[in-house]
Amino acid sequence: MPSKYPVITLCGSTRFKEQFLEAQKRLTLEGNIVISVGLFGHSGDEEVWAEGVKEMLDDMHKRKIEMADAIYVISVGGYIGSSTRSEIEYAKALGKDVRYLEADRPDIPAETVRDMAEMLGCGHICHLNPDTNETVFVLNPLSWECYEKTDEDMEALEKVDSWERRITLTPPESFEFFRYMEGFIDELPERESFLKNRLASVLSHRHPFARFKDVIDSCPYRQLWFDYRRRCLENYVKAEISRWNRSAT
C-alpha cells in the first residue's frame with residue numbers, strides 16, 4: 001500500500017452533479033483522496049442560495065484547493081464558469097497541478113470523432129460545437145483548385161457563426177501525413193521486408209504521397225493502411241480538441 005495518497009479537489013459547475021460523482025468514484029479507485037463540493041446548488045440544493053452561504057462555500061472551496069496536490073476540473077463540454085476559472089487561477093498561483101475531464105476522457109462521442117477524422121482525411125475543414133457536439137463540414141479551399149464557396153457552404157458557415165463557441169479543425173499538415181506513412185511502414189510484419197523497403201524508398205523520392213498510394217493500392221495491405229490512417233486522424237482530432245479545451249481555460 002502507498003504511504004501517501006495524492007489529494008485531488010474537484011472543481012466545476014455544480015450543474016454537473018452526475019459527472020462530479022462519477023469522477024469522485026473513479027479517482028478514488030485510482031488511489032486518490034478526493035475532496036468534492038459539499039452542496040450542488042445548480043442541481044437542487046436550495047440551501048446554497050440562502051444569504052451568505054454561497055460566499056462561505058466559495059471561500060471554503062479555496063481552502064480545499066490549498067489542502068490538495070492537484071485539482072480536477074469537471075469541464076463538461078468545455079464549459080467553465082467564472083467561479084471555476086477563479087479557482088483554476090488560484091490553484092495555479094499555489095503551484096497545484098490542474099487536470100481536466102476532457103484530457104482524461106473526452107466527452108465527444110466516438111462516432112463524432114470518426115466522422116471528423118474521415119472528413120479531415122478528405123480535405124474538409126471541420127467545425128465542432130463543444131456544447132452540443134454538432135458538426136459542420138466545409139471544403140478546404142486550399143485542397144481544391146478553382147474552388148468557390150457555394151450557397152450551401154455559406155449557409156453552413158452562417159450556422160457556425162451563430163454558435164457561442166466552436167472548435168475548428170483543419171486537415172493535418174503534409175509533414176504529419178508523412179509521419180503517418182512512416183508509422184505504417186513500422187506496423188507492417190517483419191516478414192514483409194521487401195514491401196517495407198519499397199515503401200521506405202518511395203518516401204525518399206519526389207512525389208512520395210502519390211508513389212506511396214500506388215504501391216499501397218496494389219498490395220494486400222491496402223485496407224490495413226486505411227485503418228491505420230483513420231486511427232491516426234482520430235488521435236489527431238482528440239488531441240486538437242483537448243488542446244482547445246486547455247487553451248479555453
Side-chain angles (χ1 to χ4, degrees), residues 1-110 112-113 128-131 133 164-167 169 231-232 234-249:
M1 299 293 288
S3 58
K4 184 179 185 297
Y5 297 98
V7 179
I8 297 178
T9 293
L10 304 183
C11 298
S13 172
T14 56
R15 72 183 65 184
F16 303 131
K17 181 177 181 178
E18 181 179 345
Q19 288 82 0
F20 262 88
L21 297 177
E22 188 279 333
Q24 178 176 308
K25 178 178 179 179
R26 175 166 51 86
L27 293 171
T28 298
L29 291 173
E30 291 174 1
N32 302 284
I33 296 173
V34 181
I35 305 174
S36 187
V37 297
L39 295 93
F40 292 89
H42 291 292
S43 297
D45 290 334
E46 297 296 334
E47 298 91 335
V48 172
W49 311 115
E51 184 176 353
V53 174
K54 176 68 164 58
E55 292 73 15
M56 179 190 71
L57 293 175
D58 287 345
D59 183 70
M60 192 181 294
H61 209 72
K62 295 286 179 65
R63 307 292 82 77
K64 293 178 180 179
I65 292 173
E66 293 173 359
M67 298 165 62
D69 301 299
I71 67 170
Y72 189 88
V73 183
I74 311 296
S75 50
V76 178
Y79 176 81
I80 296 177
S82 58
S83 293
T84 304
R85 289 184 186 279
S86 68
E87 291 169 355
I88 292 171
E89 292 305 314
Y90 189 71
K92 289 180 177 179
L94 294 175
K96 310 291 185 179
D97 290 333
V98 180
R99 291 171 54 186
Y100 298 88
L101 176 67
E102 291 83 357
D104 289 348
R105 194 185 62 180
D107 288 307
I108 308 301
T112 300
V113 172
L128 170 69
N129 185 329
D131 300 313
N133 290 333
E164 183 177 346
R165 301 186 307 154
R166 70 182 179 191
I167 305 174
L169 276 66
R231 291 196 301 272
C232 289
E234 288 178 359
N235 289 335
Y236 171 80
V237 170
K238 294 175 184 177
E240 290 299 301
I241 292 173
S242 291
R243 185 176 295 112
W244 182 91
N245 285 325
R246 290 193 296 270
S247 66
T249 62

Non-neighbouring partners of R231 that pass salt bridge (charged side-chain N to carboxylate O under 4.0 Å, His left out), sequence neighbours left out: none

Partners meeting side-chain contact (heavy atoms from CB on, under 4.5 Å) with E66 (sequence neighbours left out): R63, Y90, L94

Closest contact, heavy atoms only, H42 versus S13: CD2-OG, 4.3 Å

For the student: nearest non-hydrogen atoms of G31 and P6, plus distance: O-CD, 3.5 Å

Exceeds 12 heavy-atom contacts within 6.0 angstrom, atom CD of E18: no

Which residues share a side-chain contact (heavy atoms from CB on, under 4.5 Å) with S36, sequence neighbours left out: L10, F20, Q24

Test side-chain contact (heavy atoms from CB on, under 4.5 Å) applied to K25 - qualifying residues, sequence neighbours left out: L29

Interatomic distance, I241 atom CD1 to Y236 atom OH [nearest 0.5 angstrom]: 11.0 Å

Pairwise distance CD1(I74) to CD(E22) - rounded to 0.5 angstrom: 8.0 Å

Salt bridge (charged side-chain N to carboxylate O under 4.0 Å, His left out) partners of residues 40-56, not counting sequence neighbours, each pair once: K54-D58

From I35 atom CD1 to C11 atom SG, the distance as rounded to the nearest 0.5 Å: 10.0 Å

Minimal non-hydrogen separation, A68 against T9, with atom names: CB-OG1, 3.2 Å

I8 side chain reached by E30 side chain, heavy atoms, under 4.5 Å: no

Beyond-backbone contact of E87 with V73, side-chain heavy atoms, under 4.5 angstrom: no

By side chain to side chain donor-acceptor pair (under 3.5 Å) - contacts of N32 (at least two apart): none

Derivation and outcome, side chain to side chain contact (heavy atoms under 4.5 Å, CB included), residues K238 and V113: CA-CA 7 Å; K238 294 175 184 177; V113 172; 4.1 Å; yes

Sub-4.5 Å side-chain heavy-atom contact between L169 and L128: no

Qualifying residues under side-chain contact (heavy atoms from CB on, under 4.5 Å), relative to A91, sequence neighbours excluded: I65, I71, K96, V98

Whether S43 side chain and T14 backbone form a donor-acceptor pair below 3.5 Å: yes

For W244 against P130, the heavy-atom pair lying closest together: CH2-CG, 3.8 Å

Reported NZ-to-CD1 distance for the pair K4 and I33, which is rounded to 0.5 angstrom: 7.5 Å

